[in-house]
Number of protein chains: 2
Amino acid sequence: MARRPAPLSRAALIDAARVELGRRGLRGARVEDITAACGLSKGAFYLHFPSKESLFGALVRRFERALDACFKSRRTRTEAFLAEGPITPRDVEQVSPRYKLLLELEEGEDERTLEVMWEYRDVVAVLISGAQGTPFEGTLWKAVEREAARVANEFRAQQAQGICRTDVPPEVFGAMMVGTYLLLAHRLCRMRAKPDLRSWARSLQALAHQGSIPPPSTFSIPVGTKSKSAPSKARRTQTRPSPRSSP
Amino acid sequence: MARRPAPLSRAALIDAARVELGRRGLRGARVEDITAACGLSKGAFYLHFPSKESLFGALVRRFERALDACFKSRRTRTEAFLAEGPITPRDVEQVSPRYKLLLELEEGEDERTLEVMWEYRDVVAVLISGAQGTPFEGTLWKAVEREAARVANEFRAQQAQGICRTDVPPEVFGAMMVGTYLLLAHRLCRMRAKPDLRSWARSLQALAHQGSIPPPSTFSIPVGTKSKSAPSKARRTQTRPSPRSSP
DNA sequence: GCCAAAAATGACCGGCCGGTCAGAAATCAC
DNA sequence: GTGATTTCTGACCGGCCGGTCATTTTTGGC
């Protein structure tokens with residue numbers, strides 16, 4: 001009967017790799033340092049993983065799956081909420097209970113996304129500031145820009161319907177929402193203690209909410225009458241751009 | 001009499017280096033590729049520069065000086081503006097002509113900063129996404145966080161004076177302003193044609209302005225009376241947090 | 001054309017480090 | 001203790017690339 005692997009070797013190597021990757025980047029992290037941190041030889045690394053890069057690739061894919069799960073959850077819950085009826089300009093103007101529910105939904109999803117960033121903060125550190133010139137170069141930045149584009153497109157649609165301010169290019173709005181998350185994510189990478197992510201999410205939502213609503217004069221239009229008289233028109237009114245719904 | 005250096009060699013090497021650095025990062029950019037792009041030998045590089053890293057270091061210092069000049073200009077012009085009198089809550093509420101002047105000043109400074117980002121977009125690309133594990137690792141991120149802290153501190157002071165919303169932690173507000181710039185700067189690094197930076201600056205300012213003002217009920221306090229009766233109190237009222245005054 | 005000086009060349013050097021693999025060590029059933 | 005199997009070791013290999021430097025080439029004054 002053969003020798004058994006040390007029960008904790010693999011996990012220890014993964015943990016040590018994450019520490020080194022987060023600290024020195026993909027290129028700077030050395031296999032020898034990783035294995036030394038576990039009291040193992042350099043060659044032992046390759047009993048568990050095909051290469052340094054493929055270990056990192058596996059970590060990235062895990063992170064991406066967690067992030068995709070966040071996007072999916074947000075989409076599913078938002079669609080279910082709106083299936084019960086759209087958010088009207090009146091909801092927005094008066095901050096109706098129903099609108100508040102939507103804001104809370106978004107806030108919860110934002111917090112969830114920040115939780116993922118916290119959990120994978122070593123991987124995120126590499127993807128943000130250490131991936132240039134590596135096969136993973138665009139991974140996070142592409143996800144960031146996709147999300148910024150989604151936010152921008154929603155914002156643009158609302159502008160066309162006159163329920164969001166029109167003096168701001170949608171791209172800039174999207175950049176604001178997503179850029180903020182980016183900086184917060186980068187901060188997470190350097191923190192030892194976990195901050196209050198709920199508070200972060202709530203505050204972002206509050207700023208974006210107030211920052212994106214149209215000027216008060218917009219609501220002087222008899223919006224309430226309209227939404228009552230034309231259900232099909234109410235359909236077009238949809239929800240606000242979910243401006244806080246960034247990665 | 002000795003041979004003269006080819007007149008354009010040094011400049012050509014700098015240009016080629018910037019292209020390679022922006023594309024592949026500090027580690028991925030190879031001296032051999034840089035020199036080949038200029039039709040020179042590898043050894044010729046070292047006739048002009050002590051090392052690859054020191055060339056990049058010089059570029060970084062030039063960028064930092066340009067950025068510091070932006071910060072200084074903003075500070076100087078804002079102080080000169082405020083030396084003629086503070087911005088009052090009434091200015092903010094009514095968007096007075098004087099307040100508009102301040103917003104325009106800030107907008108101009110923002111545009112100027114974006115111009116610097118555009119000019120040094122290759123260096124910025126490295127500093128944002130390629131500096132992990134190199135001697136330049138914290139360079140831009142530290143400047144980013146310093147600026148975010150400055151914005152946050154101003155915001156905090158205004159909160160204490162009741163002229164900015166109090167439901168948002170200053171750190172998050174700072175992150176929003178500066179994070180947006182970060183993402184925009186990253187976009188600049190990947191653009192071939194220069195975008196309309198004025199428009200970007202104006203839009204950011206507009207979002208931040210509206211997003212950060214206190215709820216309308218705050219202004220129901222007889223603010224005008226106060227500011228008239230107590231000049232020393234007016235001093236404390238100061239300006240709004242310059243929320244758009246990010247890097 | 002000659003000469004001196006500097007630019008320029010590119011083969012070479014040596015450090016770094018990911019990855020390899022022959023041999024050693026450990027494990028467990030018998 | 002033996003034997004088979006697997007884990008583990010660390011010296012070694014080889015590619016990469018920044019930097020070096022002996023040699024070649026170029027330039028400009030005389």
Side-chain angles (χ1 to χ4, degrees), chain A residues 1-60 123 126 130-137, chain B residues 1-60 123 126 130-137:
Chain A
M1 189 90 294
R3 175 181 181 176
R4 292 296 175 86
L8 300 179
S9 282
R10 197 170 194 276
L13 284 169
I14 291 174
D15 289 345
R18 290 177 72 162
V19 169
E20 286 298 308
L21 288 163
R23 186 183 292 156
R24 302 181 201 283
L26 182 54
R27 276 183 158 135
R30 299 164 67 233
V31 171
E32 186 157 352
D33 291 335
I34 291 165
T35 52
C38 307
L40 292 172
S41 70
K42 187 142 92 64
F45 183 90
Y46 298 93
L47 298 177
H48 298 274
F49 313 105
S51 68
K52 184 176 73 165
E53 187 170 295
S54 74
L55 168 59
F56 183 66
L59 292 172
V60 170
V123 176
V126 178
Q132 192 186 29
T134 74
F136 308 96
E137 176 160 355
Chain B
M1 190 91 293
R3 175 182 183 178
R4 291 296 175 86
L8 302 178
S9 282
R10 196 171 195 277
L13 284 169
I14 290 174
D15 289 344
R18 290 179 69 162
V19 170
E20 285 298 308
L21 288 163
R23 186 184 293 159
R24 302 182 200 282
L26 181 54
R27 275 185 159 134
R30 301 163 66 234
V31 172
E32 187 158 353
D33 292 335
I34 292 165
T35 51
C38 307
L40 292 173
S41 69
K42 186 141 97 52
F45 183 89
Y46 298 94
L47 297 177
H48 298 274
F49 314 103
S51 68
K52 184 175 74 167
E53 185 169 298
S54 75
L55 168 58
F56 183 67
L59 292 172
V60 169
V123 177
V126 178
Q132 192 188 28
T134 73
F136 307 96
E137 175 162 355

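Every chain is numbered from 1 and lettered A, B, ... according to where its sequence line falls, protein lines coming before strand lines.
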Encode nucleotides 6-13 of chain C as B, S and - characters from 5' to 3', where the letter depends on protein heavy atoms closer than 4.0 Å: B to the base, S only to sugar-phosphate, - to neither.
-> BBBBB---

Donor-acceptor contact below 3.5 Å, side chain [X] vs main chain [Y]:
| X | Y | answer |
| --- | --- | --- |
| A:S54 | A:G57 | no |
| A:K52 | A:F45 | no |
| A:Q132 | B:G22 | yes |

DNA chain D contacts made by residues 27-34 of chain B, counting heavy atoms under 4.0 Å |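 Contacts with DNA chain D under 4.0 Å: B:A29, B:R30, B:V31.
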
Kindly state which residues belonging to residues 51-59 of chain B come within less than 4.0 angstrom of DNA chain D, counting heavy atoms of the residue only, listed by number.
->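 Those residues whose heavy atoms fall under 4.0 Å from DNA chain D, taken from residues 51-59 of chain B in numerical order, are B:S51, B:K52.
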
Going by the salt bridge (Lys or Arg N to Asp or Glu O under 4.0 Å) test, which pairs reach into residues 7-21 of chain B, not counting sequence neighbours?
->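 Sorted result for residues 7-21 of chain B: B:R18-B:D122, B:E20-B:R23, B:E20-B:R24.
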
Validation: residues 29-36 of chain A side-chain donor-acceptor distances under 3.5 Å, sequence neighbours left out:
residue	atom	partner	partner atom	Å
A:R30	NH1	A:D33	OD1	3.0
A:R30	NH1	A:D33	OD2	3.2
A:T35	OG1	A:V31	O	3.0
A:T35	OG1	A:E32	O	3.1

Residue pair [X] / [Y]: nearest heavy atoms and the distance that separates them:
| X | Y | value |
| --- | --- | --- |
| B:L59 | B:L21 | CD1-CD1, 4.1 Å |
| B:C38 | B:A12 | SG-O, 3.4 Å |
| A:T134 | A:A131 | OG1-O, 2.7 Å |

Spatial distance of atom OG (B:S51) from atom CZ (B:F56) [nearest 0.5 Å] =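 Answer rounded to 0.5 Å: 12.0 Å.
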
Global bending angle along the helix from C:dG1-D:dC30 to C:dC30-D:dG1, which compares the axes of five pairs at either end, to 10 degrees |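 Result, rounded to 10 degrees: 0°.
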
side-chain contact (heavy atoms from CB on, under 4.5 Å) between B:F136 and B:V126, worked out | CA-CA 9 Å; B:F136 307 96; B:V126 178; over 6 Å; no

